[in-house]
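What follows is a single structure, written as structure tokens, with notes after it.
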Amino acid sequence: MAIDATAHRPLSTMDVALKIWRYDSRTGERELKTYEVEAPEWACLLDVLDIVKDRVDGTLAYRKSCRMMICGSCGMRMDGGAVLACRQRMKPIVDAGHVPVISAMGNLPIIKDLVVDMGPFWAKTRAVRPWLQPGYVEPPEHGEYRVAQEEMNVVQKESLCIQCGCCVSECNSMESDPEFLGPAALAKGMRFVGDPRDQTAVERLDSYNSEHGIWDCTRCYFCNERCPKGVDPRDAIAKLGAESVARGIDHDMGAKHAKWFVKSAETTGWLRETELVPKTQGVVSAIAQTGFALRLLRHGKVPVPVPPHVAENVGEARKLHDLVRQEGIAGAKGIVQGERALASLDLEHHPEASEAEDEASS
């Protein structure tokens, strides 16, 4: 048993087993190797990797820096999902008798073992122009540009990003289309689109609406699930889409698609699928797909378009649409309000928890 020399008391240890995918891009060799080491019970995955490298195999390659969930260097996969090694505690895994499989992050070229080439990641980050463009050379008259907290709430989550790449690792869109800007870059783009000091929001949004941009996201939400800092990149992409439509930037088919969803729900209370193609792709494209549409109709896959079906409680949908418009929460602010509403659901159902929090804060 290990001894803490400073406190003169024994430290509790545990036996940890890991399976690590070893890989060398120069040779193309790939091997799954098992390592068993003794580690303190407080150890995280990064600590265990350090022990493996120090005591068992010095050739193991991985990145690390702060060990405090700030730098984002130690991103990798555990059992197929991206994690920060410094954040992943090992004791619950050991207690469950599980031997995790550790591998390099996905959607980025592997250099060696758990080290990936971040070059493509940074190239896409640079492509969204991740710097403030205030439109002036000198600061305002009083020497600083003050912004109310309410205005900065729109980009509060996006400001937390540590550029670790965990979201990119799990992005289905990037797997099918490597040129897709990706969740990390688009979240960084929203950080500046939503900043009231930036004067290039329209230009930014127009750029992000191009091919491989906002509307290529498949909405799988894996980026939200794997983000270790609660940035929720998919929500940032939703903000960019909503802000684009609110500002009249709707040249992409994805924007037209979203607009038709809203219009259809407002007028009839449901999605009229038979009108989706002509409304989003145009009449010419709709005519070209007539044969396919008739086959769907013959097999009962789509309803007869005439007369249009109106939902029984369509008035409720219209009232909701009118309420949103009256409150002026279109664009990114509407997404922010939705996030807050979802976050408060648990407290609404458990008022005693809210009271306990209030007492603690006071």
Side-chain angles (χ1 to χ4, degrees), residues 1-118 121 162 164-172 175 220 222-230:
M1 180 176 289
I3 302 294
D4 183 342
T6 59
H8 303 289
R9 63 176 182 269
L11 289 174
S12 298
T13 60
M14 57 185 178
D15 294 323
V16 185
L18 296 178
K19 292 181 179 179
I20 304 176
W21 275 108
R22 306 295 303 274
Y23 178 78
D24 190 335
S25 60
R26 295 173 300 177
T27 63
E29 294 181 0
R30 194 165 188 256
E31 181 183 6
L32 183 63
K33 297 189 67 173
T34 300
Y35 297 91
E36 297 181 1
V37 297
E38 184 182 29
E41 288 191 346
W42 47 258
C44 62
L45 173 58
L46 183 58
D47 295 321
V48 175
L49 291 175
D50 283 343
I51 294 172
V52 170
K53 187 175 181 67
D54 291 344
R55 303 178 186 174
V56 181
D57 190 343
T59 66
L60 178 64
Y62 54 94
R63 285 194 179 103
K64 67 172 186 175
S65 185
C66 73
R67 199 188 172 278
M68 297 178 67
M69 222 175 86
I70 295 174
C71 72
S73 299
C74 62
M76 59 189 67
R77 273 178 167 171
M78 172 183 279
D79 292 333
V83 298
L84 287 183
C86 65
R87 183 174 184 259
Q88 187 65 55
R89 294 295 161 189
M90 295 304 296
K91 190 174 188 310
I93 297 173
V94 171
D95 290 344
H98 178 59
V99 179
V101 177
I102 313 302
S103 58
M105 290 196 298
N107 291 324
L108 292 166
I110 304 176
I111 298 175
K112 188 175 188 299
D113 298 337
L114 309 178
V115 179
V116 295
D117 180 3
M118 295 292 284
F121 177 93
I162 59 174
C164 63
C166 286
C167 59
V168 167
S169 172
E170 308 310 305
C171 178
N172 283 334
E175 185 172 354
C220 68
F222 284 155
C223 57
N224 281 15
E225 179 183 317
R226 286 296 168 178
C227 176
K229 302 296 285 186

Verify side chain to side chain contact (heavy atoms under 4.5 Å, CB included) between R63 and L114, making sure each step is shown before the conclusion. CA-CA 8 Å; R63 285 194 179 103; L114 309 178; over 6 Å; no
Within a radius of less than 6.0 Å around CD of E36, do more than 12 heavy atoms belonging to other residues, nucleotides or ligands occur? no
Calculate, to the nearest 0.5 Å, the distance between atoms SG and CZ belonging to C166 and R226 respectively. 8.5 Å
Count the heavy atoms belonging to other residues, nucleotides or ligands that lie under 6.0 Å from CZ of F222, then report whether that count exceeds 12. no
Looking at CG of D47 and CD of Q88, how far apart are the two atoms once the value is rounded to the nearest 0.5 Å? 12.0 Å
All heavy atoms of F121 vs all of G165, minimum pair found to be CE1-CA, 3.7 Å
Give, for atom CE of M76 and atom OG of S169, the distance between the pair rounded to the nearest 0.5 Å. 11.0 Å
Does atom CZ of R55 have more than 12 heavy-atom neighbours, drawn from other residues, nucleotides or ligands, at distances under 6.0 Å? no
Quick one: side-chain contact (heavy atoms from CB on, under 4.5 Å) partners of R22, sequence neighbours excluded? I20, K33, Y35, D57, T59, L60, K112, D113
Side-chain donor or acceptor of N107 paired with backbone N/O of C171 under 3.5 Å: yes
Which value, rounded to the nearest 0.5 Å, describes the distance between M69 atom CE and C44 atom SG? 11.5 Å
Looking only at atom types and distance, does a side-chain atom of D117 sit under 3.5 Å from a main-chain N or O of P109, one as donor and one as acceptor? no
Judged by atom type as modelled, is there a donor-acceptor pair below 3.5 Å linking the side chain of S25 to the main-chain atoms of I111? yes
Are L49 and L18 packed together at the side-chain level, in the sense that at least one heavy-atom pair is separated by less than 4.5 angstrom? yes
Which atom of D79 lies closest to which atom of P100, heavy atoms considered: OD1-CA, 3.4 Å
All side-chain contact (heavy atoms from CB on, under 4.5 Å) counterparts of I162, not counting sequence neighbours: L84, C164, K229
Given side chains that start at C-beta, do those of R77 and V101 come closer than 4.5 Å, heavy atoms only? no
Report yes or no: does E38 contribute a side-chain atom to a donor-acceptor pair with the main-chain N or O of T13 at less than 3.5 Å? no
